[in-house]
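Following: one structure in structure tokens, then a few remarks.
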Amino acid sequence: MSIRFKTIQRINPKDLAAPRKYYATVEQKEKIGIDRLSEKLAAESIVSRADASAVFTAVLDTMLRELKEGSPVEMGKLGTISISFSSRGMASEDEVTAASISKARIIFRPGKELKDMLKTLKFEKNGK
């Protein structure tokens with residue numbers, strides 16, 4: 001299996017007068033949702049599609065609760081998901097309050113198996 005890519009032309013945002021250049025970009029296939037993922041999981045295991053879908057929903061609900069409490073969630077070989085945020089710097093420790101915090105984001109750190117998978121990818125240019 002190969003990841004198909006296409007070419008796109010982009011400007012240089014640091015030099016708008018520079019000639020445009022071509023870059024490779026992933027040719028995204030159809031997005032796989034929970035329903036389709038559940039079907040595929042059911043086809044490859046002994047769980048039903050409904051059971052797989054219920055587990056995905058329960059995992060998400062539990063993960064959201066844990067992340068809201070500040071706990072990183074380690075998902076085995078998948079990796080770790082945690083919350084991070086930016087904060088304004090203050091002159092003293094007492095000046096730092098919850099109002100100093102901005103731009104919360106989700107951080108995903110892939111597990112070793114996912115990282116190793118990247119080393120084995122094959123690429124194929126689309127036929128256009």
Side-chain angles (χ1 to χ4, degrees):
M1 282 204 292
S2 298
I3 295 178
R4 292 181 56 92
F5 68 92
K6 60 185 177 182
T7 56
I8 59 168
Q9 193 177 37
R10 291 189 179 151
I11 61 169
N12 180 344
K14 293 182 180 178
D15 183 3
L16 299 177
R20 292 176 177 243
K21 292 187 177 181
Y22 289 88
Y23 299 87
T25 188
V26 173
E27 185 175 87
Q28 299 252 332
K29 296 171 84 174
E30 181 180 348
K31 190 183 294 184
I32 302 296
I34 292 295
D35 289 340
R36 183 71 179 123
L37 200 56
S38 296
E39 287 174 17
K40 288 178 175 256
L41 183 59
E44 296 180 18
S45 68
I46 61 169
V47 299
S48 71
R49 183 183 63 79
D51 289 340
S53 185
V55 169
F56 282 129
T57 300
V59 167
L60 177 61
D61 290 347
T62 304
M63 186 170 55
L64 290 173
R65 277 194 306 275
E66 294 300 323
L67 288 170
K68 285 179 181 179
E69 291 180 9
S71 296
V73 178
E74 196 270 318
M75 303 286 294
K77 293 180 179 181
L78 184 62
T80 302
I81 300 169
S82 61
I83 300 293
S84 180
F85 51 77
S86 298
S87 171
R88 288 191 319 274
M90 301 296 184
S92 73
E93 185 175 348
D94 290 338
E95 291 179 85
V96 178
T97 66
S100 308
I101 298 170
S102 63
K103 198 176 181 181
R105 59 194 163 277
I106 295 171
I107 304 295
F108 174 67
R109 291 175 199 85
K112 182 180 181 333
E113 198 166 316
L114 279 179
K115 288 181 190 177
D116 290 347
M117 176 269 307
L118 293 174
K119 298 173 187 172
T120 65
L121 293 177
K122 292 180 175 53
F123 302 96
E124 175 183 326
K125 190 171 182 178
N126 71 4
K128 293 182 182 180

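Please read all numbers here as calculations on a predicted model, not as lab measurements.
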Non-hydrogen atoms of [X] and [Y] that approach each other most closely:
X    : Y    : answer
F85  : S102 : CB-O, 3.7 Å
A24  : F5   : CB-CD1, 3.6 Å
F108 : L78  : CZ-O, 3.3 Å
E95  : S100 : O-OG, 3.8 Å

Among the clusters formed by ILVMFWY side chains lying less than 4.5 Å apart, do [X] and [Y] turn up in the same one?
X   : Y    : answer
I81 : I34  : no
L16 : Y22  : no
L67 : V59  : yes
V26 : F123 : yes
V73 : V55  : yes

From [X] atom [atom1] to [Y] atom [atom2], the distance as rounded to the nearest 0.5 Å:
X   : Y   : atom1 : atom2 : answer
K21 : R10 : NZ    : CZ    : 13.0 Å
E66 : D61 : CD    : CG    : 12.0 Å
Q28 : I3  : CD    : CD1   : 9.5 Å

Within-4.5 Å side-chain heavy-atom neighbours: [X] and [Y]:
X    : Y    : value
I83  : I106 : yes
E113 : D116 : no
S82  : R109 : yes
M90  : T97  : no
L37  : L41  : no

If only atom types and distance count, is the side chain of [X] paired as donor or acceptor with the main-chain N or O of [Y] below 3.5 Å?
X    : Y    : value
T120 : M117 : yes
R105 : K103 : yes
R36  : K31  : no
S53  : R49  : no

Of E27, R4, K6, which is the lone residue that meets side chain to side chain donor-acceptor pair (under 3.5 Å) with N126?
->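 Of the listed residues E27, R4, K6, the side chain to side chain donor-acceptor pair (under 3.5 Å) partner of N126 is E27.
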
